[in-house]
Amino acid sequence: MIKKILLLSFSCIIISAAAQNTTTAEDTLSYTLNEVVFSGAKEGSYISKIRPIKTEVITNAGLCKMACCSLAESFENTASVSVGYSDAISGSRQIRLLGLAGKYTSMLDENRPAMRGLAAPFGLSYIPGQWLESIQIAKGPGSVINGYESIAGQINLELRKPSTEEPLFVNAYIDHLLRTELNVVSSLQLNNKWSTAIFAHGSIDAQKHDDNGDGFMEEPMKKQINFGNRWLYMAENGMQWRFGLSGLYETRDGGQIHFDKQAPRNPATNNYGTNIDNTHINAYSKLGIPLNDDNSANIAIVTDYTYHDIQSFFGVKEYNGTQHAAFLNLMFQNIFHEHHKFVAGLSGQFNDYNEKLNDNWFDGVNPMVQSNILDLSRRETAGGVYGEYTFNRDEKLVFITGMRIDYNNLYKKWLFTPRANLKYDFTDNIILRVSAGRGFRSANIIPDNIGILATGRQIDIADNLQLEDAWTYGGSLMFYFKCFEDERAYISLDYFRTDFINQVLVNQEISSAPNLYDKVHIYNLNGRSFTNAYQIDFSAFPVERFNVTATFRYNDTRADLQGQGLTELPLVDRYKGVLNVQYATRMNKWVFDATAQINGQSRLSNFVYDDQKDHYSPVYPMFFAQITRNFKGLSIYLGVENILNYMQENPILSPNAPYSYGFNSSVIWGPLMGRKFYAGLRYTIFK
Amino acid sequence: MKKMGIIMLTAVLSLGICGKVYAQNKNNEVEVTFTVNLHCEQCKKKVMNSLPHEKGVKDMKADVAKQEVWIKFDSKKTDKEKLQKAIEKLGFTATEVILEAKAQGHAGCAATCKKAHSDGCSKTEATKKSKN
C-alpha cells in the first residue's frame with residue numbers, strides 16, 4: 001500500500017513537472033497534485049515549489065484580479081510575460097517570454113499544442129479568460145514529450161473541468177467603450193463515469209474609437225462567437241478518455257474611421273481599412289490506459305485535429321489562408337522503481353498550409369499599385385521518437401533528461417533535441433533549478449509577423465529560409481522565509497540565456513537608398529543572436545488576507561542585423577516591474593486589488609527617429625485597480641485599467657498617407673488604448 | 001471651557017457606549033471547528049461560497065489539507081447545529097472537532113489559523129460545556 005502511494009505521488013509530481021501529454025495516470029494524478037499545490041499555495045499567482053521546471057502558476061483567483069477578458073490580458077499581473085500589440089491596426093496581441101517573441105513559446109491547451117500556425121496571430125483572444133482554471137508558465141526548454149518546438153518556454157492552459165461540480169457559471173462584462181462579453185460554462189457529471197463541460201462565449205466591440213485623432217481606430221471593431229464541449233470518461237479500472245470539440249468565428253474591422261467597407265477598396269476613392277475573418281475548429285481525444293493495478297505503467301494516445309481559415313485585407317494587401325493540422329502522440333510510461341521512471345513515445349505533426357499573400361504597395365514613383373503574389377502553401381510533416389528518464393530522490397533531488405529525434409520533411413533534416421532539467425532542495429527553504437536544452441521551429445512568415453501587413457512596404461522574403469534553431473539554458477534559485485505572519489514568503493532569482501544557431505529575422509531597418517525604407521526584409525540570421533533574461537520575484541502575505549507580489553525583469557536581446565552589426569533588437573522592452581497588492585476582508589466578502597507596472601525603454605527602429613530625437617521609447621508606468629464584492633454565488637467587480645490614461649504617441653507613421661511606403665503601424669512599444677472603466681459579474685451555481 | 005467639557009464628556013460617553021457594544025459583540029462570538037470531508041479546492045470553494053453568507057457567521061476558514069472548517073459566529077443569531085446543517089446541506093459530512101479534542105487532549109483542534117488554535121478551542125469547549 002505504501003509503495004502504491006509512493007508510486008502515485010512520485011508519478012504525479014514528475015508527470016506534472018514534465019508537463020507532458022495526458023495519460024490515465026496523469027489526469028488523476030494531476031488532480032491530486034493540484035490539491036497538494038493549491039492547498040498550500042499562494043492565491044493569485046505563485047511559483048510552484050515542487051515542479052522541477054521553473055513554473056509560475058496563475059490561478060483562477062489570479063485571473064479574477066483583473067478584467068482578464070482574453071488570455072492576453074491574463075498576463076498583466078506577471079512580469080515573466082510581456083504582452084504587446086503587433087501593430088496599431090489589427091488588434092493582434094503578442095507575448096514575450098525571456099525577451100523572446102511569443103512564437104518561441106509553446107502554447108498548450110491542457111498539454112496539447114494550441115494556437116499554432118495561422119491561429120497564432122490572434123490566438124490569445126481565442127481563449128476567454130473566464131474559461132480558464134489556471135495558467136502555468138514554465139521557463140526554459142521543458143520536456144521533450146511536448147515536441148521540439150519550445151525554445152523560451154511553455155504556457156499551458158487549464159480550462160474549467162468537466163468534473164468541476166458547477167452546473168452553471170455565467171460571466172457578463174461591459175466596459176465604458178461598450179465592449180460587451182458573455183461567458184457561460186456548464187460542468188455536468190452525468191454519472192460516475194461520464195462528465196462534460198460546455199463552454200460558450202460571445203463578445204462584441206462595435207464602437208469606433210480614435211482618441212489620439214490620427215484618423216485610425218485604436219482597436220478594430222470585433223465580434224466573436226466561441227463554443228466548446230469537452231467530455232471525460234473515467235472507467236473503474238483507471239482508464240480515462242477525454243475528448244472535445246470547439247469552434248470559433250471572429251471578425252475584425254479596423255483602419256481609418258471613415259473607411260467604407262461596402263465601397264470598392266480603391267485607394268483613390270476609399271479610406272484605408274482592414275477586415276480579418278478567422279474561423280477555427282478543433283477536435284481532440286486523449287486516451288489513457290493503465291497497464292497494471294497501481295497505474296505505475298500506462299499508455300496514452302493523444303490525437304488532435306485543427307482547421308483554421310483566415311481571410312483578410314490590410315489596405316491594398318490581401319492575405320488568405322487555410323490550415324489543416326494534425327497531431328499525434330503515443331506514449332508509454334513506466335515507473336519501474338520508487339526513484340526511477342521512464343517515458344518513451346512516438347509523436348508527430350502534420351500541417352497542410354494553403355496560404356497566399358497578395359502583396360500590393362505603392363513605391364512612391366509609379367502612381368500604379370505594385371503587386372507581387374506570394375504562394376506560401378506547403379505541407380510539413382515532422383515526427384519522431386523520444387525518451388525521457390526521471391530520477392527522483394524523495395522529491396529533494398529530481399533530474400529529468402530526455403532526447404528526441406525527429407525528421408522534418410519540408411527542410412529534409414533530422415533534428416536531435418536533447419533536454420535536461422534538475423531540481424535540488426538544499427533545504428526546505430532553498431531550492432535550485434537548472435535547465436538546458438535545444439529547440440527548433442519552422443517559421444510561419446506572415447502569421448508570425450502579422451503586423452508587417454499593416455505597413456505600406458513591400459515584403460521581401462528570402463527563398464532559403466531555414467529552421468530556427470536555438471539553445472536555452474539557465475536556472476533559478478528560490479528562498480522561502482518568514483515575513484511577519486507568512487511562514488512561506490519567497491524570493492526567486494532567475495537567469496536564462498538563449499543562443500540562436502539560426503533565426504529568421506524580420507528587419508525593417510534596411511534602407512534601399514539613403515533614407516528610403518520601403519521594404520520589410522525577412523532572412524536567415526547571419527551571425528549571432530542571443531537573449532539574456534534576469535528576473536527577481538517576491539511574494540508574501542505579511543498580514544492575514546493581505547498579499548504583496550513584486551517582480552522585476554531585465555532583458556538584453558541582441559542580434560546581428562544586416563547593415564548594423566550586433567544590435568539591440570528594436571521594440572523589445574529592456575525591463576518591466578510589477579507590484580500587485582491585494583487585500584480581502586474577512587471571508588473575502590470584499591477584495592481590493594491594485595497593480596502598478598513600470599515598463600522599460602525599447603530601442604526604436606532607425607527609420608522612426610532622426611538624430612535630434614531620442615533613440616529609445618520613454619519609460620512609462622501603468623496602474624490598474626479593481627474592487628470585487630462577493631455574495632452567495634455571485635461576484636460583482638468594478639475596475640479601471642491604465643488609470644493614468646497613458647498612450648503611445650503617434651503609434652502610426654504617416655497616418656495621412658496610408659497608401660505610401662512610409663505608412664507603418666508596426667512600431668508599437670506602448671499602450672494603444674487609454675483609461676478603461678469596466679464592470680462585470682460572475683454567477684456560479686454549485687452542485 | 002464649558003463647551004470643551006461637554007465635548008469631552010460626549011466623547012467619553014461615546015467611547016464607553018462603543019466599548020460596551022464591542023464587548024457585547026465579543027461575548028456573543030463563538031468559535032467552532034468541524035471536521036469536513038473536503039476533498040479538493042473545489043470543495044473548499046463550495047464551502048467558502050456559501051457559509052460566509054449564513055446568518056450570524058462572522059468569520060470562517062476552510063482547510064483542505066486538514067479537512068477542517070473553522071467558523072466564528074454570533075451565538076445570538078445562529079448556533080453550531082444550524083451551521084453543521086448548513087455544511088451538510090452542501091453535501092459534506094460535518095463533525096464538531098471538540099469531541100475529538102476532548103478525547104485527544106486538543107490534538108484534533110483546528111489549526112486552521114493560530115487564533116483558532118490559541119483561544120478558539122477553549123472558547124468552544126467552554127461554550128459546549130455551558131450548553132451541556
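As a basis for the values below, the full set of heavy atoms in this structure was taken, side chains included, without hydrogen atoms, waters or symmetry mates. Letters A, B, ... are given to chains in the order of the sequence lines, protein chains preceding strands, and every chain is numbered from 1.
Residues B:I71 and B:D59 form no side-chain contact, since every pair of their non-hydrogen atoms from C-beta on lies 4.5 Å or further apart. By the 4.5 Å heavy-atom criterion applied to side chains, A:V184 and A:F169 are not counted as neighbours.
Between the side chains of A:K65 and A:N580, a donor-acceptor pair is found at a separation under 3.5 Å. Side-chain contact annotation: A:E158 with A:N156, donor-acceptor N/O pair under 3.5 Å present. Using modelled atom types and a 3.5 Å distance limit, the side chains of A:S187 and A:Q189 yield no donor-acceptor pair.
Within residues 85-94 of chain B, no residue has any heavy atom less than 4.5 Å from a heavy atom of chain A. Taking 4.5 Å as the heavy-atom cut-off, the residues of residues 50-57 of chain B that approach chain A are B:S50, B:P52, B:H53, B:E54, B:V57, ordered by number. Scanning residues 680-687 of chain A against chain B with a 4.5 Å heavy-atom cutoff picks out A:F686, A:K687, ordered by number.
Enclosure of atom CG in A:D428 by more than 12 non-hydrogen atoms of other residues, nucleotides or ligands within 6.0 angstrom is indicated.
Using a distance-only test at 3.5 Å, with no hydrogens or angles considered, a donor-acceptor pair links the side chain of A:N547 to the main chain of A:A540. Between the side chain of A:T55 and the backbone N or O of A:S48 there is no donor-acceptor pair closer than 3.5 Å. Of the possible donor and acceptor atoms, none in the side chain of A:N630 sits under 3.5 Å from a partner among the backbone N and O of A:S635.
The minimum heavy-atom distance between A:L190 and A:W231, with the atom names listed, is CD1-CZ3, 3.5 Å. Nearest heavy-atom pair across B:W70 and B:E31 is NE1-OE1, 3.1 Å.
Of the listed residues (A:E166, A:E133, A:E110), just one forms a salt bridge (charged side-chain N to carboxylate O under 4.0 Å, His left out) with A:K161, and that residue is A:E110.
Taking A:E165 as the reference, nothing meets the side chain to side chain donor-acceptor pair (under 3.5 Å) condition, with sequence neighbours excluded.
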